[in-house]
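Numbers here are sequence positions counted from 1.
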Amino acid sequence: MRLLKAFIRSAAYERRFLAKNQWDLAMVLWIPLATVLLVWWIFSQTQITDLPIGVIDQDNGPIANTLVRYLEASPALTVHQQYHSPADVEAAILQRDVYAVVVIPEDFSRNISSSKPAPIVLQVNAQYGTHSGIIQTSVQSVVGTLSAGVEIQRMVKQGMAPSQAAINYSPIAIQRTNLFNAINNYQQFLASTVIPALLHILAMVIGATTIGRELRDKQLGRWSRFIDIGTPDLILANYSGQYKNNNTESSNNIKKSELIRIIRRLIR
């Protein structure tokens, strides 16, 4: 009960002080609110999408054009621009216009038609680990889909039924079942961790600012006596960086023994 009364009196003390000092009011109310809203806005998007990549198409064949369309259709990727020289690509990566570049070599379509290896070159800016991982996974998925389509189409041309061609190309399939984190939403995970940490840091800063303010203005004794007896007259109406004291006894510096007693009382 005594602790509750001390808390109420301390809150009343701070309320009267904050009513006359807009900066301290912003530190207690508006800055924490703006910080929470900013963090929530940062993590408002649950998944990373539309990462910009570049394409160097040295083949310009039908299969290469299909690959570019598949890359653009991927939800995690977006083809920012098609480049024609490595220098332009390097400049775009250094300026962070794109995070990776897909190079389609010459004779890409011809090698596929001739049943020859037709590799795709993916150059990723590995400085951004999250972005590069998502881009590599998405490009691999797109290339795998295109490769499967090309192989199935070849089997169909040889007279095989489309369903049988699909089974022959990939006889082993994966059936995925999510047991945990089914939504794959990192918004709640990150926001629920970051926001309390930021609020804790702001609370420590506000507490240190409040104690430092009372020590600076030599009003810690006045604050402690107000918490003990709750006399409103201890709060002066005029405050301009320091309290104007009408009592001569409050103008003296707090003695060391009294400061130690106040700190011990606050700790208890």
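- Residue Ile53 holds its CD1 atom at 14.0 Å from CG of Asp97, rounded to the nearest 0.5 Å.
- Qualifying salt bridge (charged side-chain N to carboxylate O under 4.0 Å, His left out) partners for Arg110, counting only residues two or more places apart in sequence or in other chains: Asp107.
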Val143 vs Tyr70, side-chain contact (heavy atoms from CB on, under 4.5 Å): CA-CA, chis, key distance, verdict = CA-CA 9 Å; Val143 172; Tyr70 280 13; over 6 Å; no
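- Considering every non-hydrogen atom in both Thr49 and Pro75, the closest pair reads CB-O, 3.4 Å.
- For Glu72 against Val79, the heavy-atom pair with the smallest separation is OE1-N, 2.8 Å.
- Counting heavy atoms of neighbouring residues, nucleotides and ligands inside a 6.0 Å radius, atom CD of Gln81 exceeds 12 of them.
- Among residue pairs with one or both ends in residues 124-133, none qualify as side chain to side chain donor-acceptor pair (under 3.5 Å); sequence neighbours excluded.
- Taking a 6.0 Å sphere around CD of Gln58, one finds it holds more than 12 heavy atoms contributed by other residues, nucleotides or ligands.
- Closest of all the heavy-atom pairs between Ser74 and Ser138 is OG-CB, 4.0 Å.
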So Tyr83 and Asp57, side-chain contact (heavy atoms from CB on, under 4.5 Å) or not? Walk me through it.
-> CA-CA 8 Å; Tyr83 299 92; Asp57 189 359; over 6 Å; no
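- If you run side chain to side chain contact (heavy atoms under 4.5 Å, CB included) between Asp59 and each of Leu67, Ile104, Asn111, only Ile104 comes through.
- When each of Val121, Val102, Asp88, Val89 is checked for a side chain to side chain contact (heavy atoms under 4.5 Å, CB included) with Ile56, only Val89 meets the rule.
- Rounding to the nearest 0.5 Å gives a distance of 5.5 Å between CE of Met27 and CD1 of Ile206.
- Expressed to the nearest 0.5 Å, how far OH of Tyr99 lies from CD1 of Ile135 amounts to 8.5 Å.
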